[in-house]
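Beneath this line is the structure, given in structure tokens, with notes to follow.
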Amino acid sequence: MIILGIETSCDETAAAVVEKNEDKINVLSNVVASSQDMHAKSGGIIPEVAAREQVKSVIPVIKQSLADANVSSEDLHAIAVTVGPGLIGSLLVGVETAKTLAMLWDKPIVPINHLHGHIYSCFVEHAPEFPALALIVSGGHTDFVYMKGHGEFEWLGGTRDDAAGEAFDKTARIIGLGYPGGPAISKASDKYLENNPNKKLDLFPRPMTDQDNLDMSFSGLKTSVNNYLKSSENKNTDEIAAEIEEAIIDTLIKKSSLAIKKYRPKSFLLAGGVSANKRLREKLDLALQSITESTKFYVSPLKYTGDNATMIATTGLYLFQPIDWKEVKATPSLHF
Ligand code: KG4
Ligand code: ZN
């Protein structure tokens with residue numbers, strides 16, 4: 001089966017053609033256009049600017065994905081499109097484009113939850129065993145999800161306020177690093193740690209890590225960083241970046257360790273934009289190895305950590321529930 005995936009829930013416009021034979025996923029094309037450079041200038045995403053850019057790029061991106069895959073519309077079995085959660089203007093661009101193409105090409109649509117998509121990025125190159133426990137860490141979400149099987153999602157806990165990526169983005173702005181904040185903080189932190197590999201990084205709090213649940217809170221980090229800047233002589237941005245990164249990573253690792261101990265899954269999946277963070281990938285891997293050998297660690301391939309349509313098409317192939325285009329609706333606050 002071959003599916004065209006479309007993803008426009010935030011500031012990316014992405015299309016991909018993906019094929020599934022038995023349990024093997026074959027990515028025929030993966031095209032992503034981002035308006036991130038424009039948002040870097042404004043220091044964050046302006047929803048209307050994002051949607052206007054997506055209107056311009058959605059058709060060229062889809063055309064490119066079909067050309068790269070060397071397929072035509074006749075070869076497709078369905079169109080998988082992100083219907084939520086996300087920004088309404090952005091979601092509508094992808095959803096309405098998918099509906100138009102579905103009508104013209106006489107194809108069904110597989111509506112996809114963006115968060116399921118992030119989880120399924122771990123199924124593109126591997127076939128993790130169930131039960132699986134997933135940690136999604138993105139700009140809008142930080143959630144633990146338990147999966148007994150394909151399509152069976154049970155939300156276990158997550159952030160009560162800011163998402164981990166949001167914490168990176170907002171604190172990066174406070175210390176004068178650019179947008180998106182995650183990669184900027186990671187780069188500054190690496191620079192600092194190269195020269196100070198043994199520095200103890202415990203400046204900022206790790207809220208809720210003493211609690212026996214999978215809830216987290218990242219919104220206080222902004223205040224902690226602000227207070228530190230006001231009260232301290234230390235203006236070493238790279239060092240503060242390393243402290244911020246460690247506070248976020250440490251919280252995620254402590255809660256992931258607790259999740260593994262409680263649920264003993266066969267697979268632990270890490271996905272979402274923040275999962276691109278090298279230190280998080282490495283430290284989580286070590287932490288999980290020290291807890292158990294019976295849980296295998298899978299992390300999203302780097303090219304599929306951020307928003308992309310390969311993960312959307314892959315979800316569509318695994319959870320194939322096609323519906324008529326007339327029934328498809330963008331749902332900005334869609335839950336698990
Ligand atoms: O999944 P994603 O591309 O979009 C959403 O669905 O939100 O995630 C974007 C988030 C941003 O907050 C960005 O700062 C963060 O992922 N991010 C990172 C890194 N690369 C991207 N955070 C930490 N370290 C990174 N290397
Ligand atoms: Zn995302």
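In each ligand, atom 1 is the first atom listed, and ligand 1 is the first ligand listed.
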Q) Relative to each other, are the rings of Phe130 and Phe123 parallel, tilted or perpendicular (30° and 60° limits)? A) parallel
Distance-only polar pair, side chains of [X] and [Y], donor-acceptor under 3.5 Å:
X	Y	answer
Tyr304	Asn30	no
Asn113	His335	no
Ser219	Asp161	yes

Q) Can you tell me the protein heavy atom closest to atom 24 (N) of ligand 1 and the distance? A) Asn277 ND2, 3.0 Å
Q | Top protein contact for atom 23 (C) of ligand 1, by heavy-atom distance | A | Gly182 CA, 3.4 Å
Q. So, is His118 placed with an N/O/S atom under 2.8 Å from the Zn ion (ligand 2), counting both backbone and side chain?
A. yes
Q) With a cut-off of 2.8 Å, does any N, O or S atom of His114 fall short of it relative to the Zn ion (ligand 2)? A) yes
Which of the atoms of ligand 1 are close to [X], meaning less than 4.0 Å from one of its heavy atoms?
X	answer
Pro180	14 (O)
Phe168	22 (N), 23 (C)
Gly139	5 (C), 7 (O), 8 (O), 9 (C), 10 (C), 12 (O)
Gly140	7 (O)
His118	1 (O), 6 (O)
Gly306	3 (O)
Gly165	12 (O)

Any salt bridge linking [X] with [Y]? Criterion: basic side-chain nitrogen under 4.0 Å from a carboxylate oxygen.
X	Y	value
Asp250	Lys254	yes
Glu96	Lys99	yes
Lys283	Glu246	yes

Q | Phe320/His150 under ring-ring contact (aromatic ring centres under 6.0 Å, His included): CA gap, chis, key distance, verdict | A | CA-CA 11 Å; Phe320 190 68; His150 285 297; over 10 Å; no
Q: Verify side-chain contact (heavy atoms from CB on, under 4.5 Å) between Glu243 and Ile175, making sure each step is shown before the conclusion.
A: CA-CA 12 Å; Glu243 292 281 5; Ile175 63 172; over 6 Å; no
Q | Residue portion contacting ligand 1 (non-hydrogen atoms closer than 4.0 Å) for Lys278 | A | neither
**Q.** Region of Asp169 engaging ligand 1 - heavy atom pairs below 4.0 Å
**A.** side chain
Q. Any N or O on Gly273 sitting closer than 3.5 Å to an N or O of ligand 1?
A. yes
Q) With a 4.0 Å cut-off on heavy atoms, does His141 reach ligand 1? A) no
Q: Using heavy-atom distances, let me know which of Val274, Ile185, Thr305, Asp307 sits nearest atom 4 (O) of ligand 1.
A: Asp307
(Q) Need the atom name: nearest N/O/S atom of Asp307 to the Zn ion (ligand 2). (A) OD1
(Q) On a heavy-atom basis, which atom in Lys255 and which in Met208 lie closest, and how many Å separate them? (A) NZ-O, 2.7 Å
Q: Give a yes or no answer on whether the side chain of Glu7 reaches the backbone of Ser9 with a donor-acceptor pair at less than 3.5 Å.
A: yes
